[in-house]
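A, B, ... follow the sequence lines: proteins, then strands. Residue 1 opens every chain.
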2 protein chains.
Amino acid sequence: MKIEDIIKTTSPMAIGKRTVLNIMYTQNVLSERFNEILKAYDLSPEQFNVLRILKGQNGKPTNMCVIQERMIAKTSNTTRLVDKLLLKELVTREICPDNRRKMEIAITEKGLELLAELNPKVECHESVLTQNLTPEELEQLNYLLEKFRTINQ
Amino acid sequence: MKIEDIIKTTSPMAIGKRTVLNIMYTQNVLSERFNEILKAYDLSPEQFNVLRILKGQNGKPTNMCVIQERMIAKTSNTTRLVDKLLLKELVTREICPDNRRKMEIAITEKGLELLAELNPKVECHESVLTQNLTPEELEQLNYLLEKFRTINQ
DNA sequence: ATTACATAATTATTTTAACAAAAATTTAAT
DNA sequence: ATTAAATTTTTGTTAAAATAATTATGTAAT
C-alpha cells in the first residue's frame, strides 16, 4: 500500500517527504509485529536488544556504557533496563574489579535459553517480512538505507 | 556506514535480519534529527503529526477517531495529545452537533502559523537526508519499502 | 597531597505511553 | 419503549522514557 493512501493525504507529496514518511511508517509496522512476539515472553524490545548484545559478547561481561553504545535506539536509562532483566534472572551484574565505577553485565543461562526459544519466532518474523523481496532487492534496500543515512555537512 | 559496523556485530547477519535492523536504525536517525528541530518549538513529534493532519483537512474540523486513524504511529491516547495542543491554543475542541459522542478538533490560526514557521526547517531536514540519493534511487527506495510492507498471509 | 576535571553509573523528577475500564451517546433488536 | 450492543471519547492506573542532578571513582595538574 502506498504511503499516500495510508496517511490519506489529498495533495501530492514531495519525494523527500514521502521517503521519510515511508521509512517511519515501515519501522512502525515492523515494531508492532515484533512487539507482538515479545509480549508473550514479557520482554520489551529494549530488553531483548540488551540480551542480544550480551549474547553477542560470547559470555564476556559487558559494561553499561558499552551496552548503551550498541543499542539501536539509544535509551536514556540502561540502569533500569538492566534492573528489570536482573529481576527476571536473565542477567548478572557485578562491580568491575579493574574499575569500580564500571559494572559488568553478563547474560545468564536462563537468558540464553530465552533467546534460544525466541530465535525461531524472530527469524520467522524476519522472513515473513522479507519474502516479498528478491535477494537483489533486499541488497538494494540495504544499500539505499545506508546511503540515505550518510549525511554530508 | 554499514549496519554491521554500527551495532558492532562479529558474526555475519542474514540479509533479512540486516534489512530489519537497517530500517529500525534509519528511522531512529531520522527521528532523532527531527525531534531536535521540534524541541525548539516545544512540540512532540506526535503533536506535530496531529497539527499536520488537521491542516490537511483544510479547516474542516476532524473527529478524534479520524486523527487516531491517520497518525503514523497509532497512539493510545489521542485525548491527552489534543489536551496539550489545546493548552497551547494550537487547536480548538468542540462537541460535534450531529453526534454528541464525537468531538470536532480544528487547528487555530496560531497552529497554522506555527506550522508555517516550522515548515522550512522540516523541508530542510528532508532534503539534507535525501540529497545523497538520486530521484531514481528515492523512487526505488519508496517502492522497496512499500513492497516490503506488503505482508502476504 | 589537594584540587579540578572526567568518566560511569545511579537516582530523582517530570512527561509520556500502554492498557484497561468507564462514561456518554447512538443504533439496533425485541 | 426497553434492553442490549456498538461506537466514541475520556479517565485512571501502572509502567516506561527523557532529562537533569547526584554519587562514586578514577585521572591529571599543580
Side-chain angles (χ1 to χ4, degrees), chain A residues 24 27-28 31-51 53-54 61-88 91-106, chain B residues 24 27-28 31-51 53-54 61-88 91-106:
Chain A
M24 303 281 283
Q27 186 270 357
N28 228 270
S31 293
E32 262 174 29
R33 290 178 67 91
F34 186 54
N35 291 355
E36 208 57 42
I37 297 172
L38 293 181
K39 214 189 305 181
Y41 294 84
D42 196 33
L43 266 189
S44 73
E46 289 78 17
Q47 287 172 17
F48 176 79
N49 197 194
V50 170
L51 287 182
I53 289 164
L54 293 174
T62 310
N63 302 132
M64 298 293 275
C65 52
V66 173
I67 294 175
Q68 192 149 35
E69 186 184 279
R70 299 212 177 164
M71 291 190 74
I72 305 166
K74 304 281 163 262
T75 182
S76 55
N77 216 323
T78 315
T79 301
R80 270 188 264 258
L81 244 171
V82 169
D83 283 347
K84 301 278 158 58
L85 294 171
L86 262 172
L87 277 176
K88 297 181 206 168
V91 304
T92 57
R93 174 165 59 188
E94 277 170 37
I95 295 170
C96 175
D98 300 340
N99 187 336
R100 286 186 305 161
R101 282 174 307 184
K102 294 190 181 181
M103 286 295 179
E104 291 190 330
I105 317 296
Chain B
M24 302 281 285
Q27 186 271 356
N28 228 271
S31 295
E32 263 174 29
R33 290 178 67 91
F34 186 54
N35 291 355
E36 209 57 43
I37 297 172
L38 293 181
K39 215 189 307 183
Y41 294 84
D42 196 32
L43 265 190
S44 73
E46 290 78 15
Q47 287 172 17
F48 176 79
N49 198 193
V50 171
L51 288 183
I53 289 165
L54 294 174
T62 310
N63 302 131
M64 298 292 276
C65 52
V66 173
I67 294 175
Q68 193 150 34
E69 186 184 280
R70 301 213 175 163
M71 291 191 73
I72 305 166
K74 305 280 162 262
T75 181
S76 56
N77 217 322
T78 315
T79 301
R80 273 190 265 253
L81 244 171
V82 169
D83 283 347
K84 300 279 159 58
L85 294 172
L86 263 172
L87 277 175
K88 296 181 206 168
V91 302
T92 58
R93 174 164 59 189
E94 277 170 36
I95 294 170
C96 174
D98 301 340
N99 186 335
R100 287 185 305 162
R101 284 173 307 185
K102 294 190 180 181
M103 286 295 179
E104 291 190 329
I105 317 297

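- B/Arg100 has no side-chain polar atom (N or O) that falls below the 4.0 Å cut-off from OP1 or OP2 of D/dT10.
- A straight line from CG of A/Leu87 to C1' of D/dA15 spans 13 Å, rounded to a whole angstrom.
- The separation between A/Glu94 atom CD and C/dA8 atom C1' is 17 Å, rounded to whole Å.
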Requested in this report: Decide side-chain contact (heavy atoms from CB on, under 4.5 Å) for A/Arg70 and A/Asn49; before the verdict, give the C-alpha distance in whole Å, the side-chain angles of both, and the deciding distance to 0.1 Å.
Outcome: CA-CA 9 Å; A/Arg70 299 212 177 164; A/Asn49 197 194; over 6 Å; no

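- Counting heavy-atom neighbours within 6.0 Å of B/Leu86 CG, excluding the residue itself, gives a total above 12.
- The separation between B/Asn77 atom CG and D/dA15 atom C1' is 14 Å, rounded to whole Å.
- With distances taken from any side-chain atom of A/Arg101 to the nucleotides C/dA6, C/dT11, D/dT9, the minimum falls on C/dA6.
- Distance from the side chain of B/Cys65 is smallest to D/dT8 among D/dT11, D/dT8, D/dA18.
- Each of A/Lys39 and A/Asn63 was assigned the nucleotide of DNA chain C with the nearest heavy atom; the assignment lying further toward the 5' end belongs to A/Asn63.
- In this entry the distance linking NZ of B/Lys74 with C1' of C/dC19 reads 18 Å, nearest Å.
- A/Lys84 comes within 4.0 angstrom of the backbone, heavy atoms only, and of no base.
- Here the side chain of B/Lys84 pairs no donor or acceptor atom with the backbone of B/Ser44 at under 3.5 angstrom.
- Remark: P of C/dA6 and CG of A/Asn99 are 17 Å apart, rounded to the nearest angstrom.
- Of the two residues near DNA chain D, A/Leu81 and B/Met64, the one whose nearest nucleotide lies more 5' is B/Met64.
- One atom, CG of A/Leu85, and another, P of C/dA9, lie 16 Å apart when rounded to the nearest Å.
- Within the model, atoms OG1 of A/Thr78 and CE of A/Met103 stand 13.0 Å from one another, a figure rounded to the nearest 0.5 Å.
- Between the C1' atom of C/dA8 and the CD atom of A/Glu104 lies a distance of 13 Å, rounded to the nearest Å.
- With hydrogens and angles disregarded, a donor-acceptor distance shorter than 3.5 Å links the side chain of A/Lys74 to the backbone of A/Glu69.
- With DNA chain C read from its 5' end, the first of the two nearest nucleotides for A/Ser76 and A/Lys102 is the one closest to A/Lys102.
- Within 3.5 Å, no donor on the side chain of A/Arg80 pairs with an acceptor on the base of C/dA9, nor the reverse.
- Looking at the side chain of A/Thr79, the nearest of the listed nucleotides C/dA8, C/dT10, D/dA17 is C/dT10.
- Spacing between atom CG of A/Asp83 and atom P of C/dA12 amounts to 12 Å, rounded to whole angstrom units.
- Considering only side-chain atoms of A/Met103, the nucleotide from C/dA9, C/dC19, D/dA18 that sits closest is C/dA9.
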